[in-house]
Amino acid sequence: MNAASIMKLMSAKSQFSRNHPKFEAFLKNVFSRKIEEDTVIEITVTRPGEAPVTANLKVMQSDLELLEELKGLTQ
């Protein structure tokens with residue numbers, strides 16, 4: 001990833017953090033401890049006028065490796 005792409009990504013992260021401070025605090029809380037294999041992550045999306053849609057996943061070792069890489073990008 002080149003420097004311009006990294007700067008753009010960091011700017012977008014900063015904007016997201018300003019727009020959604022509670023979500024950023026939630027993520028910091030969740031990732032303050034190691035996510036373990038077999039942890040269940042669930043997300044629900046509710047669009048205006050529609051029923052909520054929920055999905056979940058059970059964390060596998062390969063997921064943990066990906067999360068560590070993503071975590072490194074946000075620090």
Show me the side-chain donor-acceptor pairs of residues 27-40 shorter than 3.5 Å, one per line, residues at least two apart or across chains.
from: Ser32; atom 1: OG; to: Asn29; atom 2: O; distance (Å): 2.7
from: Thr39; atom 1: OG1; to: Glu36; atom 2: N; distance (Å): 3.4
from: Thr39; atom 1: OG1; to: Glu36; atom 2: O; distance (Å): 2.7

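For the pair Lys13 and Glu24, the minimum side-chain heavy-atom distance is below 4.5 Å.
In this structure, Leu57 CG and Ile43 CD1 are separated by 10.0 Å, a value rounded to the nearest 0.5 Å.
Shown here are the side chain to side chain contact (heavy atoms under 4.5 Å, CB included) partners of Arg47, two or more places apart in sequence or in another chain: Val45, Glu50. Under the side chain to side chain contact (heavy atoms under 4.5 Å, CB included) criterion, Glu42 pairs with Thr54, Asn56, sequence neighbours left out. Every side chain to side chain donor-acceptor pair (under 3.5 Å) that Arg18 has, sequence neighbours left out, goes to Gln15. Looking at residues two or more places apart in sequence or on another chain, you find a side chain to side chain contact (heavy atoms under 4.5 Å, CB included) between Pro52 and Thr44, Thr46.
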